[in-house]
Amino acid sequence: MEYNSQTIEKKWQNYWAENDSFEPTEDFTKDKKYILSMFPFPSGRLHMGHVRNYSISDAIARYHRQLGKNVLHPIGFDSFGMPAENAAIKNNANPKTWTYDNIEYMKGEFKSLGFSFSKDREFATSDELYTKFEQGFIIDMFEKGLLYRKKGLLNWCPHDQTVLANEQVVDGCCWRCDTPIVKKDMNQYYFKITEYGDELLADLKKLEGGWPKQVLTMQENWIGKSNGLEFDLYFDEDSKAKLDSKFESFDVFTTRPDTVYGVSYTALAPEHKIVTYMIENNLLSDEVITEIKKMKATSSIDRQKEKSGVSLDLNVIHPLTGKRIPVWIANFVLMDYGSGAVMAVPAHDDRDWDFAKKYDLPINSVIKPFDGELDESKAFTEVGELFNSEEFNGMNSKKSQYNIIKYFEEKNIGKKTTNYKLKDWGVSRQRYWGAPIPFVHCDDCGLVMEKKENLPIALPEDVEITGEGNPLDNHPTWKHCSCPNCGKDAIRETDTMDTFVESSWYFLRFCASPENWEKEAFSKEQINYWMGVDQYIGGIEHAILHLLYARFFTKVFRDLGYIDFDEPFDNLLTQGMVLKDGAKMSKSKGNTVDPDAIIAKYGADTARLFILFAAPPTQELEWNDSAVEGSYKFIKRFFDRSSNIVKTDSIPTIEHSSLTKDEKFARKKVYEALKRANDVYEERFTFNTMIAGVMEAMNALNTQSNSDVWSEGYWILSSIMEPVIPHTCWEISDEYFSLNNLAPQKILEEVFVEDSITLGVSINGKRRTEIEISPDETKENIIAMAKDKAQKWIGDKEIVKEIVVPKKLVNIVIKG
RNA sequence: GCGGAUGUGGUGAAAUUGGUAUACACGCCAGACUUAGGAUCUGGUGCCGCAAGGCGUGGAGGUUCAAGUCCUCUCAUCCGCACCA
């Protein structure tokens with residue numbers, strides 16, 4: 001047979017499609033495996049990152065199918081989102097048409113790569129059936145108080161004309177279009193993810209071992225829990241009067257209560273409500289107001305460049321010392337962390353130091369090193385001994401924190417508090433191509449939920465996408481409806497949901513049997529059987545956003561009574577990026593490799609083999625054209641040499657002791673490859689080493705000509721390679737083994753028994769020579785043989801020690 | 001600054017428990033077969049050295065009979081977070 005990737009691959013792809021080879025069964029008594037790749041956005045064409053992602057999950061899924069497990073390996077499309085709208089603007093097309101055309105094309109690509117996805121369970125998140133249940137969940141969450149609407153200061157992308165979640169702001173810029181974001185005051189819907197902050201943090205422990213450490217740390221940092229002291233600072237009488245007696249005090253948060261006696265000024269965020277009041281009531285000079293406005297208008301990146309501030313000409317009273325402390329506005333104080341106000345201790349905080357130096361504010365030291373002098377030319381931020389701190393003098397600063405917090409609590413002037421960096425998740429977007437938020441604004445009833453029987457609230461299709469404003473808001477009729485409560489004319493909410501909402505529960509939808517898709521999102525029985533996801537595979541770029549949101553939804557669904565577990569993904573593998581010429585493949589750099597072109601030239605198996613062979617999955621993968629060629633040659637050789645096989649329906653029985661040395665060696669290599677394959681598919685996922693083992697076995701088979709050894713070798717090797725290069729292996733298996741070998745393989749220990757063993761001989765740990773011994777040789781004889789062989793290096797020097805490591809080496813330690 | 005990772009031939013990378021460093025592949029070199037080869041097959045290929053031998057896993061120490069692997073320090077690169085009080 002001549003290897004022809006095109007005909008072989010087409011043949012088996014059609015065979016699998018006709019036989020529904022990859023559909024899971026509804027027999028819940030069977031052992032299950034849920035193998036999931038992160039689903040793609042239907043951008044139009046797969047890129048190599050996708051191919052890598054699905055080659056990994058497909059290999060794992062096919063392995064478990066061989067073992068007879070009930071395998072769920074689904075795929076779908078994360079099909080809402082801005083690129084569809086942007087493409088629509090650019091090509092004057094309809095986002096829906098654009099999206100579903102792309103989906104059709106990409107389905108064809110999946111097929112041509114031979115991925116063993118369940119076809120029955122494919123869906124797109126923009127399908128109305130998906131929207132229907134999602135809107136139902138949104139209503140549930142609203143009823144539970146987990147979704148709320150409020151006016152707030154939001155990240156606004158002026159280019160995309162929409163609000164972004166904190167998680168979607170990267171370096172102060174929009175994560176999609178890289179435009180610097182600005183803050184805007186708007187009505188928004190929020191998920192109360194902060195209510196789950198503690199649990200999201202604590203449950204990271206449950207994921208240890210199953211998730212990469214890096215991802216766990218990133219989530220931990222993102223949640224950003226910190227403990228400290230919160231207390232009120234009261235204005236003095238003059239200041240109170242100045243504020244028209246509207247404000248008595250403001251509160252501050254600190255993680256360094258030990259420095260409290262060193263407070264020498266306080267600072268408010270420019271957006272602080274006291275500041276706003278002062279501006280609105282003309283309590284500040286024009287220059288100061290101009291300065292504040294400038295600060296507020298500055299983007300967060302620019303704000304970080306230099307500290308600046310302005311005095312409010314107000315004073316507060318230190319709660320412990322009674323001293324007067326000036327109040328400033330500082331650009332480095334963030335309104336959305338803590339209370340938007342800080343106590344400043346320039347002596348022991350670098351930021352406070354910089355600010356105090358710039359504006360010539362007092363600096364009061366209260367901590368000194370345990371030994372040595374305090375260097376007063378910079379902030380001392382380490383642990384030390386307290387002084388100038390009344391009754392706490394002499395204490396270790398770290399240890400005093402507890403005492404000082406207790407002191408505040410006893411005097412009832414402050415309390416222990418926990419703060420999080422994590423913010424509630426703003427989910428409304430002023431865009432067309434997303435799931436409509438199922439609410440209605442009624443003049444009489446206010447904000448009203450849509451009735452569940454009216455779901456889905458679908459998008460209108462006759463829409464004009466111009467890139468300006470919200471197309472739903474501009475639509476002539478869509479938003480006009482009647483109030484679900486009182487029946488009066490009302491206005492439909494025109495905001496749509498963040499697309500991360502869809503990807504927060506799609507893995508649950510895959511568990512639902514398609515025949516029930518119309519009537520329910522999923523059933524508990526199905527969920528309990530399939531979840532959690534045994535292996536989740538995707539890019540590290542989702543370490544925070546998607547993975548945190550999906551964890552949040554899982555916990556919410558649990559509390560709504562829909563599911564019975566806490567965490568969705570038992571094991572997570574974050575694949576490395578695909579690089580070309582040392583840089584990430586991207587259209588803008590022009591260094592992409594088109595999967596379709598590779599398939600056309602070499603076939604899907606070559607692409608899959610190269611991708612799994614060139615690097616371990618968690619590492620970056622450097623694309624290399626000649627190495628791709630090498631993978632192609634291996635497959636061709638593998639195919640050509642199958643002519644050495646004798647047709648058989650079962651694995652040949654071989655009398656091992658009657659074989660020649662080369663034949664024995666070949667069998668050993670084959671079974672070594674099998675051992676390694678099991679380990680790789682179950683645990684390690686370092687497919688590169690498994691493939692190397694198969695290549696070694698092939699090289700060993702080629703040194704002998706026993707047709708039984710060849711047949712046995714191929715029986716095993718084509719079984720363990722099937723998850724990687726399925727088309728080639730099915731073809732070989734069908735031709736010679738009636739497809740019987742695509743099943744679990746038994747390891748024969750007898751092939752590992754050696755007639756003789758080579759031991760390395762080292763002198764003082766340095767390898768010098770080797771000896772050949774029989775497996776049952778005594779230690780004495782081994783040492784004697786080693787000494788004899790290594791006489792040249794030993795000479796007449798004194799032997800201090802002799803070490804024999806069984807089956808490995810002999811080490812002789814000599815003196816001098 | 002905080003956190004996470006990585007560093008091994010010309011290149012991608014192996015070495016699962018401290019036990020023969022560089023498996024497997026790419027590239028390169030040589031040979032065979034060929035009208036030809038960018039096909040196929042065979043062999044060679046860490047560095048220095050004519051050789052004997054020496055040196056070799058970013059660098060410096062340490063533990064050990066034995067270190068890529070463990071410990072301490074250090075350098076470099078990459079990634080994430082970042083005026084988070």
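Within every chain, numbering begins at 1; the chains are lettered A, B, ... in the order of the sequence lines, protein sequences first and strands thereafter.
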K.L.:
Rounded to the nearest Å, what distance is computed from the CG atom of residue L422(A) to the P atom of nucleotide rA82(B)?
P.N.:
13 Å
K.L.:
Checking contacts here: which listed nucleotide (rA39(B), rC81(B), rA5(B)) is nearest the side-chain heavy atoms of K633(A)?
P.N.:
rA39(B)
K.L.:
Is any side-chain nitrogen or oxygen of S631(A) closer than 4.0 Å to OP1 or OP2 of rA25(B)?
P.N.:
no
K.L.:
Taking atom C1' in both rC78(B) and rG27(B), compute the distance separating them and give it to the nearest angstrom.
P.N.:
26 Å
K.L.:
Looking only at side-chain atoms of A692(A), point me to the closest of rA66(B), rC41(B), rA23(B).
P.N.:
rA23(B)
K.L.:
What is the base-pairing partner of rC65(B), counting Watson-Crick and G-U wobble geometry with both distances under 3.5 Å?
P.N.:
rG19(B)
K.L.:
Between rA21(B) and rC55(B), how far is it from one P atom to the other, in whole Å?
P.N.:
13 Å
K.L.:
Measure from NZ or CZ of K675(A) to the centre of the six-membered ring of F752(A), then state whether that distance is under 6.0 Å and the direction lies within 45° of the axis.
P.N.:
yes
K.L.:
Taking pairing as Watson-Crick or G-U wobble with both contacts under 3.5 Å, can you name the mate of rA13(B), or confirm there isn't one?
P.N.:
none
K.L.:
Between the side chains of N764(A) and S762(A), is a donor N or O closer than 3.5 angstrom to an acceptor N or O?
P.N.:
no
K.L.:
Are D198(A) and Y420(A) close enough that a side-chain donor and a side-chain acceptor fall under 3.5 Å?
P.N.:
yes
K.L.:
Which nucleotide, if any, forms a Watson-Crick or G-U wobble pair with rA5(B), using both distances under 3.5 Å?
P.N.:
rU77(B)
K.L.:
Between F355(A) and K307(A), is there a cation-pi geometry (under 6.0 Å to ring centre, at most 45° from the normal)?
P.N.:
no
K.L.:
When rounded to the nearest Å, what value does the distance between P atoms of rA39(B) and rC29(B) take?
P.N.:
13 Å
K.L.:
Does rC84(B) have OP1 or OP2 under 4.0 Å away from a side-chain N or O of R256(A)?
P.N.:
no
K.L.:
Could you say whether T758(A) or E696(A) is positioned toward the 5' end of RNA chain B, judged by the nucleotide with the nearest heavy atom to each?
P.N.:
T758(A)
K.L.:
Look up atom OG in S400(A) and atom OH in Y261(A), then write down how far apart they are to the nearest 0.5 Å.
P.N.:
10.0 Å
K.L.:
With rounding to the closest Å, how many angstrom separate the C1' atoms on rA15(B) and rA66(B)?
P.N.:
16 Å
K.L.:
rG4(B), rG3(B), rA82(B): which one has an atom nearest the side-chain heavy atoms of N221(A)?
P.N.:
rG3(B)
K.L.:
Ignoring the backbone of I803(A), work out which of rA5(B), rC84(B), rC65(B) is nearest its side chain.
P.N.:
rC65(B)
K.L.:
F231(A) pairs by side-chain contact (heavy atoms from CB on, under 4.5 Å) with which of T417(A), V260(A), L320(A)?
P.N.:
V260(A)
K.L.:
Can you label the angle between the F687(A) ring and the Y681(A) ring as parallel, tilted or perpendicular, going by 30° and 60°?
P.N.:
tilted
K.L.:
Out of rA85(B), rU42(B), rC65(B), which nucleotide sits closest to the side chain of N811(A)?
P.N.:
rC65(B)
K.L.:
Parallel under 30°, tilted from 30 to 60°, perpendicular over 60°: which one fits the rings of W328(A) and Y359(A)?
P.N.:
tilted
K.L.:
Could I get a table of every N or O pair under 3.5 Å where one atom is in the protein and the other is in nucleotides 9-15 of chain B?
P.N.:
residue, atom, partner, partner atom, Å
rG12(B), O2', A614(A), O, 2.6
rA13(B), OP1, Q619(A), OE1, 3.3
rA13(B), O3', N688(A), ND2, 3.4
rA14(B), OP1, N688(A), ND2, 3.0
rA15(B), OP1, R684(A), NH2, 3.0

K.L.:
Counting side-chain heavy atoms from CB outward, which of rC24(B), rA85(B), rG19(B) is closest to M695(A)?
P.N.:
rC24(B)
K.L.:
Looking at rA85(B), rA25(B), rC41(B), which one has an atom nearest to any side-chain atom of R351(A)?
P.N.:
rA85(B)
K.L.:
Any strand is fair game: report the nucleotide pairing with rC47(B) by Watson-Crick or G-U wobble, both distances under 3.5 Å, or none.
P.N.:
rG54(B)
K.L.:
Can you figure out which of rU42(B), rG4(B), rC65(B) approaches the side chain of Q214(A) most closely?
P.N.:
rG4(B)
K.L.:
Can you check the distance between rC24(B) and rG44(B), where both ends of the measurement are the P atom (answer in whole Å)?
P.N.:
11 Å
K.L.:
For the side chain of T217(A), starting at C-beta, report the closest nucleotide among rA85(B), rC24(B), rG3(B).
P.N.:
rG3(B)
K.L.:
Look for any protein N or O under 3.5 Å of an N or O in nucleotides 54-63 of chain B and output each such pair with its distance, or none.
P.N.:
residue, atom, partner, partner atom, Å
rG54(B), OP2, R768(A), NH1, 3.0

K.L.:
Can you find a side-chain donor-acceptor pair between T728(A) and D605(A) that sits under 3.5 Å?
P.N.:
yes
K.L.:
For the side chain of A627(A), counting heavy atoms from C-beta on, which of rG80(B), rA82(B), rC26(B) is nearest?
P.N.:
rC26(B)
K.L.:
Let me know which of E754(A), E696(A), E749(A) forms a salt bridge (charged side-chain N to carboxylate O under 4.0 Å, His left out) with K668(A).
P.N.:
E754(A)
K.L.:
Pairing check on rG37(B): which nucleotide meets the Watson-Crick or G-U wobble criteria with it, both distances under 3.5 Å?
P.N.:
none
K.L.:
So, OP1 or OP2 of rC84(B): does either fall under 4.0 Å of a side-chain N or O from K421(A)?
P.N.:
no
K.L.:
Rounding to the closest angstrom, what is the interatomic distance between rC73(B) and rU22(B) at atom P?
P.N.:
32 Å
K.L.:
Would K358(A) and E306(A) satisfy salt bridge (Lys or Arg N to Asp or Glu O under 4.0 Å), going step by step from the backbone distance to the final call?
P.N.:
CA-CA 10 Å; K358(A) 179 163 177 181; E306(A) 205 195 335; 2.9 Å; yes
